[in-house]
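Okay, structure first, notes after.
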Number of protein chains: 2
Amino acid sequence: MTNKVEICEVENPHEKVIEKVKEMMPDEETLYDIAELFKVFGDSTRTNILTALFESEMCVCDICELLGMTKSAISHQLRVLRQSKLVKARRVGKEVFYSLADDHVVKIFEMAIEHVLE
Amino acid sequence: MTNKVEICEVENPHEKVIEKVKEMMPDEETLYDIAELFKVFGDSTRTNILTALFESEMCVCDICELLGMTKSAISHQLRVLRQSKLVKARRVGKEVFYSLADDHVVKIFEMAIEHVLE
DNA sequence: CCGTTAGTTGAATAATTGTTCAACTGTTTT
DNA sequence: AAAACAGTTGAACAATTATTCAACTAACGG
């Protein structure tokens with residue numbers, strides 16, 4: 001009958017590799033979340049904002065001046081960073097100060113900097 | 001004359017923060033490269049491929065089977081990973097085996113996994 | 001209370017990008 | 001030599017997304 005296929009399924013070393021890899025890989029949801037996290041990091045404006053916040057909390061206007069961009073553009077990106085729980089905001093009078101919500105980000109970026117500098 | 005402006009420039013704590021942050025931030029090119037690296041990581045297919053390769057080198061067909069995607073789609077993404085020097089390829093007969101080109105990737109992903117698992 | 005400053009938001013536009021499809025290059029097998 | 005298999009590639013399409021613009025809210029100062 002389908003002898004050839006059966007033999008392949010049992011003997012084929014490729015199938016074994018696939019099986020092994022499948023077991024070791026993080027679950028689908030985790031992998032999706034990782035991609036989503038990196039997607040947030042994968043924009044120059046957002047990496048600029050985040051690395052700026054490594055040094056000090058800043059209000060929106062300061063970030064605008066630092067990066068030479070409009071308040072609207074920065075605010076939109078801060079919203080993305082807020083929704084991803086990467087930054088937090090606190091209001092002081094008319095100004096809103098943003099800061100990092102998490103230390104992991106710093107470590108991930110340190111690794112990335114190490115990588116791009118070879 | 002422009003007293004008000006001068007006083008602001010000297011006294012304004014915002015200006016000082018911006019100055020300090022500017023000094024501490026990585027140079028523009030490095031920041032761009034970091035964003036580019038994260039952009040490559042920011043796609044589910046590519047994160048799936050990379051985490052699969054953490055465990056073992058694999059040929060294109062195996063990756064296709066593992067992820068349930070076409071050869072073309074996988075090949076296109078492997079090209080992106082190759083161009084970013086994240087994976088390397090070696091030909092064995094008709095098959096092309098891919099493997100990680102770098103250990104940094106593993107460390108960056110470990111940090112990311114830690115982060116998404118809170 | 002009115003004007004100003006700081007920041008947010010929704011819609012629109014423009015650019016980027018992931019997958020599919022079809023045609024292609026190599027390599028092995030018969 | 002031809003068929004079959006593994007993989008690559010370019011064009012096309014669809015979907016996502018970053019910035020701009022304009023209108024808005026919130027807080028402060030006179």
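Computed from a predicted model, the values in this text were never measured in an experiment. Lettering of chains follows the sequences in order, A, B, ..., and the numbering in each one begins at 1. Reckoned from all heavy atoms, side chains included, excluding hydrogens, waters and symmetry mates.
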Open item on the list: Does C:dG18 have OP1 or OP2 under 4.0 Å away from a side-chain N or O of B:Arg46?
Closed with: yes
TODO: Could you tell me whether the side chains of A:Thr30 and A:Asp27 share a donor-acceptor contact shorter than 3.5 Å?
DONE: yes
- [ ] Ignoring backbone atoms, test whether B:Thr45 places a side-chain nitrogen or oxygen under 4.0 Å from the OP1 or OP2 oxygen of C:dT19.
- [x] yes
TODO: Carefully, step by step, assess A:Ile108 and B:Glu110 under the rule side chain to side chain contact (heavy atoms under 4.5 Å, CB included).
DONE: CA-CA 9 Å; A:Ile108 294 171; B:Glu110 277 171 4; over 6 Å; no
Task: Below 4.0 Å: OP1/OP2 of C:dT8 and any side-chain N or O of A:Tyr98 - done: yes
Task: B:Leu53 and B:Val105, any side-chain heavy atoms less than 4.5 Å apart - done: no
TODO: Quick one: label B:Phe97 by what it contacts on the DNA or RNA (base, sugar-phosphate, nothing), any heavy atom closer than 4.0 Å.
DONE: nothing
Open item on the list: Using heavy-atom distances to pick each residue's nearest nucleotide on DNA chain D, tell me which of A:Lys94 and A:Lys39 is more 5'.
Closed with: A:Lys39
Open item on the list: From CD of B:Glu65 over to C1' of D:dC5, roughly how many Å is that when rounded to an integer?
Closed with: 15 Å
Task: Whole-Å distance separating the CD1 atom of A:Ile74 from the P atom of D:dA18 - done: 13 Å
Open item on the list: Between A:Arg91 and A:Ser72, which residue's closest nucleotide on DNA chain C lies nearer the 5′ terminus?
Closed with: A:Arg91
Open item on the list: I want to verify a distance call: between C:dT9, D:dT19, C:dT20, whose nearest atom is closest to the A:Ser75 side chain?
Closed with: C:dT9
- [ ] With the side chain of B:Lys71 defined as its heavy atoms from C-beta on, choose the nearest nucleotide among C:dA6, D:dG7, D:dC5.
- [x] D:dG7
TODO: Please report, rounded to the nearest Å, how far the C1' atom of D:dG7 is from the NE2 atom of A:His14.
DONE: 14 Å
Open item on the list: Rounded to whole Å, how long is the line connecting atom CD1 of A:Ile63 with atom P of D:dT19?
Closed with: 14 Å
- [ ] Could you tell me whether the side chain of B:Gln77 reaches within less than 4.5 Å of the side chain of B:Asp43, counting heavy atoms only?
- [x] yes
Open item on the list: Whether the B:Arg82 and B:Tyr98 side chains hold a donor-acceptor pair (N or O, under 3.5 Å, no angle test) is what I'd like checked.
Closed with: yes
Task: d(CZ, B:Arg90; P, D:dA6) in whole Å - done: 17 Å
- [ ] Measure from the ring centre of A:His76 to the centre of the six-membered ring in the base of D:dT19, then say whether that distance is under 5.5 Å and the planes meet at under 30°.
- [x] no
Task: Between P of D:dG7 and CE of B:Met69, the distance in whole Å - done: 15 Å
Open item on the list: For A:Val96 and B:Asp43, find the nucleotide of DNA chain C closest to each by heavy atoms; which residue's nucleotide sits nearer the 5' end?
Closed with: A:Val96
Open item on the list: Heavy atoms from C-beta onward define the side chain here; which of D:dA6, D:dT8, C:dT19 lies closest to that of B:Glu95?
Closed with: D:dA6
TODO: In whole angstrom, give the distance that lies between atom CG of B:Leu78 and atom P of D:dG7.
DONE: 10 Å
- [ ] Using atom CZ of B:Phe38 as one end and atom C1' of C:dT17 as the other, report the distance to the nearest whole Å.
- [x] 20 Å
- [ ] Could you please name the option among C:dT17, D:dT19, D:dG7 that lies closest to any side-chain atom of B:Cys59?
- [x] D:dG7
Open item on the list: Is the distance between the ring centroids of A:Phe109 and A:Phe41 under 6.0 Å?
Closed with: yes
Open item on the list: Tell me whether the side-chain N/O atoms of A:Gln77 come closer than 4.0 Å to OP1 or OP2 in D:dT17.
Closed with: no
Open item on the list: Can you tell me if B:Thr70 touches the phosphate of C:dT20, counting only side-chain N or O atoms and a distance under 4.0 Å to OP1 or OP2?
Closed with: yes
